[in-house]
Amino acid sequence: MPATVEVELFGLPRLYAGAERYEVPAGTLAEVLAALAEALPGLSPAIICDGRPTELVRVALDGRAMIEAPDHRLHGGEVLVLVSAQAGG
Amino acid sequence: MGLFRQILRVHVSEVGKGLECARVPLDDAVYRDFVGGVGLGAYLLWRYAPAGVDPLAPEAPLIIALAPLLGTPLTTTAKLAVVCKSPLTSRISDGLSSSRFALAAKRLGVDAIVITGAAAELSILHLDEELGRCRLEPCRALAGASPAEVGAALPGCHVAAIGRAGENRVRFASIANDGRHAGRGGAGAVLGAKRIKAITVRGRAQPALADPQAVRERARDLAARSLGAATDKYRRLGTVANVETFDRLRILPARNFQAVSIGRRKAKRLAPEGLKAAAGHVREGCAGCTIGCDHRFGGTRLEYESLFALGPLCAVDEPQRVLAAAAACDRLGLDTISAGGTLAFAMECCERGLLPWPLAFGDDLVPWLERIAARDDLGDRLAEGSRRLAAEVGQGSERFACQVKGLELPGYEPRTMQTTALGLAVAARGADHNRSGAYQADLRPGVDRFAAELEATPLRVIETEDHAALLDSLILCKFLRGAIARPWEESAELLAMTAGLDLDAAALRATCARITGLRHLFNRREGWTIAEDTLPERFFAEPLDGGEVVDRELLRAMVGRYYRERGYTAEGLLDDAALGRLGLRSLAPRLPPAAAADP
Ligand code: SF4
């Protein structure tokens, strides 16, 4: 079975995607996000643009560190949590 | 609408005609040094509050500070700052709210209103541009009325009012205008102590804009930007969407900060979709705002902070119960965060057998909120806030009274947001997420929110504090910040085209450091010491289920570092050089000897 990354979507990313979670093949962050945007086209271009997260979104690796480097390698089994960038309340 | 370069001084007295009103001119230098909003408010508080004054004494001023952008066509600027010495913290309190009242207040032809004294009986303070028409109107019939009922009783008037909580001097009572509250710190109690139930304003004044054409063009541009992607979250979801996200990121305080998650199912019920399903939904906005982030569920306006405090913090997970509690806070005039924080603390005391009250996590909050506002029996003790209640309960309960300087914590868990931990510890107002935006730094790529850094974390806190001082002095809504790519440069342009203030970005940065410095200096004058800049014991001694904890020694070191980076001493004192650098030396002679002698 190919290694996969689970993506959970909250806030605006969920609103644009119309989905709460999705699984995509592992790869670099850019590849994973590009695959996600292809599968959930509502994410382009507002949330994901050319495989990169836009200023509207933050990507939390396993719900912890926020990552953005396109070449960040995801080997499979990770969970990417996509949340709205604006946190104020 | 620029500036009038004068303020209105109002002294209410129990004898004689009951009211003295006068316009007092202000130098241009005051606006260059402190701008408006919270900056101008801090200056006026410094100037008019006697050192060591009891916040509920007649001589304690209640200041309504307006701002240079107020009354212009620029979006999200219909805001005012309410500034006073807090009866909850005995430190500076400055709350913002938006309303048509703010717009109308500007038409009095002044940039701020400073109210001192106290009326002989519960009264309405009617302020008029024509000072001879200012008057006090006794209003015994409005005793106990909600701010909305007061507004309805004064048709055609622009009204700021307190509810029952303010009348009874609850230490976290708010002042409401157009359903919006200047909530934190208990300004409602200060007005209540003056026996002023409501303030109305009437005038037609309109100061000239420095460059009306430029303002019109910028207003169109800003309105267009305000409808872009950067504000999408606020428009489409509202801040209540945070509850589910924060639950997933383990940031959501639950059960009086004993947990950081309530579980997906419960979080989903309190998220926008759950609230809509439970109560229906409409979206509105503040006066003059193109964004409209005001999401109402079943007619009740709800934002994340109220939702967290009246929901997960108290283990209330029924949407209808949270909405009923939020509506009760609106009606009674209570700060939702402090109300929820104090009740959550009392619930934990009851759970531990430290208080014999019929109160438990998950209970309906409405009857307890009513008791707080009425100050009856147990409500009287809750009305003092969690710090005072903990001092009374004793038995080690202080370690889980979740407050800083007496102000209850907002909805961000310090153990999983370590920049926020420092931001809350050093904030002048007490545990504060508004005059500091440290939580934003925690959620930035490249920042490890679970581990603070001695050198980098204080700098991040300073940057967010100064940015907040900028927006809160202009005043521009913080929800617009994502649409302003160059805040310092653009703010300088806005001040030039509206008020004719000649400040470049660098000068504005210095101004914001000065504003933060003066807020700190006020606290210092009122007895602040660096021992206050800490967190409750819970956050050092009780690791979360993932082992996260705040490192006491590191926090202490970062507090010292924060002050050194600000140019103060490591003990947080402003020496003569620091006062000179900040441009505050001219105010320093007003320091009492102990503070003036800061080494
Ligand atoms: S964005 Fe929201 S809080 Fe800000 S001015 Fe508009 S409606 Fe009010």
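Throughout, a chain's letter reflects where its sequence line sits, starting with A, and its residues are numbered from 1. Small disclaimer: the values here were computed from a predicted structure and weren't measured. Hydrogens, waters and symmetry mates play no part in the numbers below; they use all other heavy atoms, side chains included.
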| query | Where does A:Arg64 contact chain B at under 4.5 Å (heavy atoms): side chain, backbone, both or neither? | reply | both

| field | Sidechain N-carboxylate O distance under 4.0 Å for B:Arg225, B:Glu490 | value | yes

| note | From the list A:Val83, A:Val59, A:Leu15, the residue making the most non-hydrogen contacts under 4.5 Å with chain B is A:Leu15

| message | Which atoms of A:Val57 are under 4.5 Å from chain B, going by heavy atoms: the side chain, the backbone, both sets, or neither? | response | neither

| message | Is B:Arg235 in contact with chain A via its backbone, its side chain, both, or neither, using a 4.5 Å heavy-atom distance? | response | neither

| request: Please determine if A:Glu8 and B:Arg248 form a salt bridge, counting it only when a charged side-chain N lies under 4.0 Å from a carboxylate O. | output: yes

| message | Would you say the ring centers of B:Phe246 and B:Tyr412 fall short of 6.0 Å from each other? | response | yes

| query | For B:Leu237, is it the side chain, the backbone, both, or neither that has a heavy atom closer than 4.5 Å to a heavy atom of chain A? | reply | side chain

| said: Closer than 4.0 angstrom, basic N to acidic O: yes or no for B:Glu463 and B:Arg460? | reply: no

| task | List the steps, then state whether side chain to side chain contact (heavy atoms under 4.5 Å, CB included) holds for A:Glu68 with A:Arg58. | result | CA-CA 8 Å; A:Glu68 62 176 355; A:Arg58 295 275 189 260; over 6 Å; no

| field | B:Phe450 versus chain A, the contacting section by heavy-atom distance below 4.5 Å | value | side chain

| request: Measure distances from A:Leu56 to the heavy atoms of chain B and classify the residue's part below 4.5 Å as side chain, backbone, both or neither. | output: side chain

| message | With a 4.5 angstrom heavy-atom cut-off, is it the side chain or the backbone of A:Ala46 that approaches chain B, or both, or neither? | response | neither

| query | Between B:Glu284 and B:Arg301, is the closest basic N to carboxylate O distance under 4.0 Å? | reply | no

